[in-house]
Amino acid sequence: MAEAYFPVGPGLGMEENFLSLDDILMSQEKLPGRAESALPRLAVLLGQGAGSAESVPEGSKLEIPLWLAKGLHDSKRRIISVELPKIYKEAWRTVFSADANVVDLHKMGPYYYGFGSQLLNFENPENPEIAQTDSVCSLQTFIARFRRIMDSSQNTYNEDTSALVARLDELERALFQVGQKGLNDFQCWEKGQASQITASSLVQNYGKRKLTEVDG
């Protein structure tokens with residue numbers, strides 16, 4: 001039976017893929033911000049009032065969904081300003097540098113890596129630091145956690161992994177599932193329950209992209 005929905009991967013960097021359910025969900029994550037000018041008829045949408053005609057006063061503190069923040073952000077007109085969420089600030093970068101594995105990323109932000117890259121769409125006083133160090137910090141965090149994730153996926157065959165997976169962000173959960181599937185496929189092949197080992201979809205898709213680049 002064919003699947004009703006074929007999963008589409010998230011976008012890369014600062015751009016979302018609007019066919020990806022993960023990116024659609026990520027765009028609902030909220031950013032702290034401030035209204036730099038009055039925002040007519042946006043009070044209800046931003047949770048600032050009860051009437052559809054109410055405006056958000058200049059200087060109001062806001063919690064803005066990513067998709068709306070990107071739509072309202074304009075460096076020339078100064079409609080809103082966006083602040084850095086606390087998990088990406090220096091204090092948390094220090095925690096990640098000390099031991100990235102102790103952090104419950106799913107609790108702090110289920111799309112930590114993807115959401116972090118979206119912050120470069122906004123201008124704020126910390127932007128130079130974000131561009132130079134936060135992306136690197138995210139990469140270092142990912143590298144520090146990646147080995148443990150893959151080791152765990154290969155050493156928890158037929159075990160309850162719910163507690164482990166609960167602490168992972170969505171990208172890490174997808175990697176864990178790939179590792180588990182690879183282990184399960186190998187175990188089936190080793191027991192004679194599968195005729196051959198096939199390349200994972202990630203490897204196959206990567207190969208297709210490389211061929212497209214060569215042909216182009």
Side-chain angles (χ1 to χ4, degrees), residues 8 10-98 100 102-142 166-173:
V8 176
L12 298 174
M14 296 164 61
E15 298 300 324
E16 300 121 305
N17 184 338
F18 291 104
L19 296 177
S20 168
L21 290 179
D22 282 329
D23 276 358
I24 292 172
L25 292 172
M26 179 186 68
S27 72
Q28 304 298 320
E29 294 289 309
K30 292 185 177 181
L31 285 165
R34 181 177 180 273
E36 297 296 337
S37 59
L39 303 177
R41 298 183 296 278
L42 286 181
V44 173
L45 185 60
L46 294 173
Q48 298 286 319
S52 59
E54 291 187 38
S55 299
V56 176
E58 179 181 346
S60 299
K61 291 186 177 181
L62 306 170
E63 288 287 328
I64 319 168
L66 173 63
W67 64 269
L68 182 58
K70 291 178 72 172
L72 292 176
H73 184 260
D74 187 323
S75 59
K76 295 180 180 179
R77 295 179 60 192
R78 298 293 294 172
I79 299 173
I80 64 167
S81 59
V82 172
E83 300 173 9
L84 197 64
K86 65 179 182 179
I87 193 173
Y88 299 98
K89 290 185 177 180
E90 184 178 359
W92 275 102
R93 291 200 296 268
T94 302
V95 173
F96 286 128
S97 298
V102 304
V103 181
D104 185 340
L105 271 192
H106 201 269
K107 181 179 180 180
M108 299 302 295
Y111 298 97
Y112 172 76
Y113 302 107
F115 195 67
S117 66
Q118 292 292 316
L119 298 178
L120 298 177
N121 282 294
F122 306 101
E123 293 182 359
N124 62 61
E126 296 185 65
N127 231 26
E129 184 178 356
I130 297 170
Q132 293 175 19
T133 64
D134 192 61
S135 295
V136 175
C137 181
S138 296
L139 178 60
Q140 291 173 341
T141 299
F142 179 77
R167 299 175 62 84
L168 307 180
D169 110 308
E170 292 299 325
L171 173 61
E172 293 174 336
R173 289 183 177 189

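By convention here, the first residue in the shown sequence is residue 1. Both backbone and side-chain heavy atoms feed into the values below; hydrogens, waters and symmetry mates do not.
Contact check for P110 versus R173: no side-chain heavy atoms found under the 4.5 Å cut-off. Counting only heavy atoms from C-beta outward, the side chains of W92 and M108 approach each other to under 4.5 Å. Inter-residue side-chain proximity for P65 and S27 is flagged as unmet; no heavy-atom pair is nearer than 4.5 Å. Between D104 and R167, some side-chain heavy-atom pair lies under the 4.5 Å cut-off. Side-chain contact between R34 and S60 is absent, with no heavy-atom pair separated by less than 4.5 Å. Put simply, the side chain of L62 reaches to within 4.5 Å of the side chain of L39, judged on heavy atoms. Side-chain atoms of L168 and L105, non-hydrogen and from C-beta on, never get closer than 4.5 Å to each other.
Between E172 and Y113, the side chains place a donor N or O and an acceptor N or O closer than 3.5 Å (distance only, hydrogens not considered).
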Exercise. Could you go step by step and tell me if Q118 and E29 meet the side-chain contact (heavy atoms from CB on, under 4.5 Å) rule?
Worked result: CA-CA 11 Å; Q118 292 292 316; E29 294 289 309; over 6 Å; no
For this session: List the steps and the verdict of side-chain contact (heavy atoms from CB on, under 4.5 Å) for L119 and L31.
Result: CA-CA 9 Å; L119 298 178; L31 285 165; 3.4 Å; yes
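The aromatic rings of Y112 and F96 sit tilted relative to each other, their planes meeting at an angle between 30° and 60°.
Pairing each heavy atom of P85 with each of F115, the nearest pair is CG-CE2, 4.1 Å. Nearest heavy-atom pair across F18 and I24 is O-CD1, 3.9 Å.
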